[in-house]
Protein chains: 2
Amino acid sequence: MRKRNKSLEQCFKVKTVDFQELQEEAVEVHRLHRGKLAVSSKVPLQTRKDLSLLYTPGVGAVSKVVAEKPEEAWNLTMKGNSVAVVSDGSAVLGLGNLGPEGALPVMEGKCLIFKKFGGLDAFPIVLATQDSEEIIRVVEAIAPTFGGINLEDISAPRCFEIEERLKNELTIPVMHDDQHGTAMVVLAALLNALRVVEKKISEIKIVVSGAGPAGVATVKLLLKAGARKIIVLDSKGIISKERVGLESYKEELAKVTNQEQLSGSLAEAVKGADVFIGVSRSNTLFPLHIQAMAKRSIIFALANPVPEIMPELAYQSGAAVVATGRSDFPNQINNSLVFPGVFRGALDQRVSRITEEMKIKVSHALANLIKQPTPEEIIPSMFNPEVVKVVAAAIQD
Amino acid sequence: MRKRNKSLEQCFKVKTVDFQELQEEAVEVHRLHRGKLAVSSKVPLQTRKDLSLLYTPGVGAVSKVVAEKPEEAWNLTMKGNSVAVVSDGSAVLGLGNLGPEGALPVMEGKCLIFKKFGGLDAFPIVLATQDSEEIIRVVEAIAPTFGGINLEDISAPRCFEIEERLKNELTIPVMHDDQHGTAMVVLAALLNALRVVEKKISEIKIVVSGAGPAGVATVKLLLKAGARKIIVLDSKGIISKERVGLESYKEELAKVTNQEQLSGSLAEAVKGADVFIGVSRSNTLFPLHIQAMAKRSIIFALANPVPEIMPELAYQSGAAVVATGRSDFPNQINNSLVFPGVFRGALDQRVSRITEEMKIKVSHALANLIKQPTPEEIIPSMFNPEVVKVVAAAIQD
């Protein structure tokens with residue numbers, strides 16, 4: 001064991017040095033280009049004639065057509081290919097409340113991924129307010145430019161109400177990706193991991209560590225997909241009906257999970273569990289935890305950049321399938337696998353609302369891209385060009 | 001005269017047919033490309049390494065730097081090169097209240113011009129509200145993404161308060177281009193027209209037909225530039241202190257113009273005037289009007305697409321210098337000559353407010369690009385690459 005731990009320490013050190021270098025390089029790249037997102041023209045603009053068609057006086061006729069029939073905005077303007085990536089910067093990555101400017105680099109990056117993988121023109125809107133009512137009003141007000149709204153890095157529990165209200169009040173699709181993007185990819189990966197270990201979703205015990213946006217949406221989608229036994233933990237331990245002082249969204253979780261009314265810490269929760277899904281910022285999964293789980297356990301250690309447990313250690317401790325959020329290990333569970341395709345499909349099909357049924361279809365479509373899942377391959381690469389196609393095709397009324 | 005009129009009729013007819021064709025072509029171009037604005041990456045994004053630098057995990061370091069020092073958003077994000085083109089669609093071109101979707105084609109076109117001539121990444125934000133207070137709150141909320149705010153096609157008198165409030169409440173430059181863009185180009189053209197006719201701005205009588213955003217800002221800038229005698233008309237005739245029921249912004253105009261307390265119609269206003277500036281939607285200038293003006297008169301017939309008087313007829317009626325807003329006649333007075341350079345300069349110099357002094361400098365810089373003004377050339381072409389440079393250079397604290 002000592003030797004193993006030493007090599008693991010070594011491994012951690014190398015990763016840490018790499019990560020430090022990566023961070024420095026990232027700052028330099030951003031400084032060199034002054035950010036990374038630009039606006040460009042889809043149409044040649046060289047001559048006076050071009051200008052007279054694209055701007056005054058020709059554009060007046062286009063405006064009149066759209067004003068008479070606003071539906072034509074989908075055909076004659078950028079609306080039909082545009083997504084707003086909206087954040088108030090209150091929960092940026094795992095870094096916390098960094099404010100709107102602090103969120104902007106992440107949102108620009110998200111927009112690049114929308115373009116790269118979905119061909120969508122996404123634009124970051126970072127907000128100088130963290131008041132839920134104001135956020136709702138602002139997003140409603142700016143909606144006409146866009147075909148869809150991607151909410152991002154908004155803290156719980158505000159994100160739940162903001163998303164729900166906007167979904168009801170707008171006729172374009174609204175999705176909080178931290179919730180549903182994560183949930184869809186987790187379900188896809190789980191479907192294939194279960195094929196590897198030959199277990200059924202209806203029979204397994206799942207531990208979800210983290211009751212933030214990702215945890216809540218994942219639990220809901222897993223239940224909808226047939227899971228029956230789920231234990232959820234937040235930073236204070238297992239969530240149960242008996243715990244006092246629960247926030248209302250956690251009360252809701254308590255109603256649909258933990259039927260045995262377990263209480264206590266992670267060590268209590270993982271006993272006999274088949275699946276561990278880590279979507280918290282900081283909880284650590286130890287070898288003893290995995291050793292206490294059922295045989296052929298599945299570990300999704302999704303904390304970023306440092307997973308709840310490193311894959312090598314998880315396998316050494318008895319896990320059968322391990323996934324992380326990182327690109328430098330096999331099985332990267334990353335929202336980028338779904339959000340470009342979800343909005344691509346929604347805009348192409350003029351879907352006004354992303355339903356739970358669509359999300360489950362997305363997860364199955366993604367899982368089915370892997371014909372023969374193995375412990376090292378339960379989820380496709382985001383560079384697989386089929387990904388966006390099958391995800392988009394799953395978004396249909 | 002009959003022959004002349006016939007040829008003019010002929011001329012109008014040809015123009016009308018051309019314009020009809022242009023409009024149809026414009027709609028087709030927009031339909032073919034589904035609008036005209038796209039989002040693109042300034043940085044290569046091909047590999048996993050690229051992704052890890054531009055998105056997670058590398059981007060987290062960039063976000064932390066910016067969160068600690070929001071000023072760094074100007075160096076590490078798109079903010080320093082981004083402009084929001086904001087409209088509520090309440091006064092789109094000369095077409096009236098077309099709503100947000102109806103405004104979108106114009107705003108997209110404006111963004112293309114920002115890019116083409118100013119190298120700026122401008123993005124259209126069309127609003128589902130025409131409530132001034134709400135517009136102010138929304139623009140304040142979305143401001144962090146942007147280095148500047150271009151307000152566009154917002155009706156008077158709301159545009160005045162919205163702009164003034166936003167200028168006071170934001171630390172980035174805010175400009176309602178319908179007002180100030182027009183005013184700066186008109187002043188530039190007037191400076192050179194006065195060189196052609198050898199008159200002084202302090203001695204001339206100017207008639208401004210139209211008391212909307214463009215008229216109001218033009219009058220203010222002309223006064224600031226040394227003009228002393230200005231008569232302004234709205235759709236009801238000459239604005240004077242004695243007119244009852246004036247809106248408050250027109251009362252303000254009455255205080256600084258029309259010292260002789262003229263009243264009546266355009267025919268009354270133009271008697272002995274040296275300059276006519278048409279910035280209304282519909283008023284027509286007739287040959288008789290020009291014949292009643294002073295010798296060597298200057299006519300800026302800026303209504304679009306149909307000028308208050310066609311240039312040929314204006315010259316026939318005795319005008320010495322004629323300009324319009326159209327690209328198919330000499331002397332096109334078009335905002336595109338200034339707004340790209342104004343924001344280019346403001347963002348490069350981190351200017352937080354566009355002052356009257358800067359605007360006058362812009363007008364002089366633009367006028368000075370024409371070394372030897374003639375009746376056919378009082379203003380440079382917007383395709384002249386020097387334009388954006390000299391305009392940007394004029395924007396300095």
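Proteins get letters first, then strands, A, B, ... in listed order; numbering begins at 1 in each.
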Under 3.5 Å, is there a donor-acceptor pair between the side chain of [X] and the main chain of [Y]?
X	Y	answer
A:N75	B:R31	no
B:T145	A:P124	yes
B:K42	A:R34	yes
B:K115	A:S41	no
B:S63	A:A103	no

**Request:** Take B:E101 and A:T77 through the side-chain contact (heavy atoms from CB on, under 4.5 Å) test and state the conclusion after the steps.
**Result:** CA-CA 9 Å; B:E101 286 87 358; A:T77 80; over 6 Å; no

Of all of [options], which one pairs up most often with chain A through heavy atoms under 4.5 Å apart?
options	value
B:E140, B:K110, B:K79	B:K110
B:S381, B:A84, B:S336, B:P105	B:P105
B:I125, B:T129, B:V65, B:V139	B:I125
B:M382, B:M78, B:M107	B:M78

**Request:** Any chance you could measure A:F123, atom CZ, to B:S82, atom OG, to the nearest 0.5 Å?
**Result:** 5.0 Å

**Message:** With rounding to the nearest 0.5 angstrom, report the CG to NE2 distance, A:L76 to B:H33.
**Reply:**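 Nearest 0.5 Å value for the CG-NE2 distance: 12.5 Å.
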
**Request:** Indicate the atoms forming the closest heavy-atom contact of B:L37 with A:D121, along with that distance.
**Result:**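 In this case the closest contact between B:L37 and A:D121 is O-OD2, 4.0 Å.
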
**Message:** Under a 4.5 Å cutoff for heavy-atom pairs, which residue among A:L112, A:L120, A:N334, A:N97 has the most contacts with chain B?
**Reply:** A:L112

**Request:** Among the options A:V138, A:L32, A:L54, A:L95, pick out the one with the most heavy-atom pairs lying under 4.5 Å from chain B.
**Result:**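 When all of A:V138, A:L32, A:L54, A:L95 are compared, A:L54 has the most.
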
**Asked** Does the side chain of B:L104 reach to within under 4.5 Å of the side chain of A:P144, using non-hydrogen atoms?
**Response** no

**Prompt:** Under 4.5 Å, heavy atom to heavy atom, which residues of residues 45-52 of chain B contact chain A?
**Reply:** B:L45, B:Q46, B:T47, B:R48, B:K49, B:L51, B:S52

**Prompt:** For chain A, which residues from residues 85-94 of chain B have at least one heavy atom closer than 4.5 Å to it?
**Reply:** B:V92, B:L93

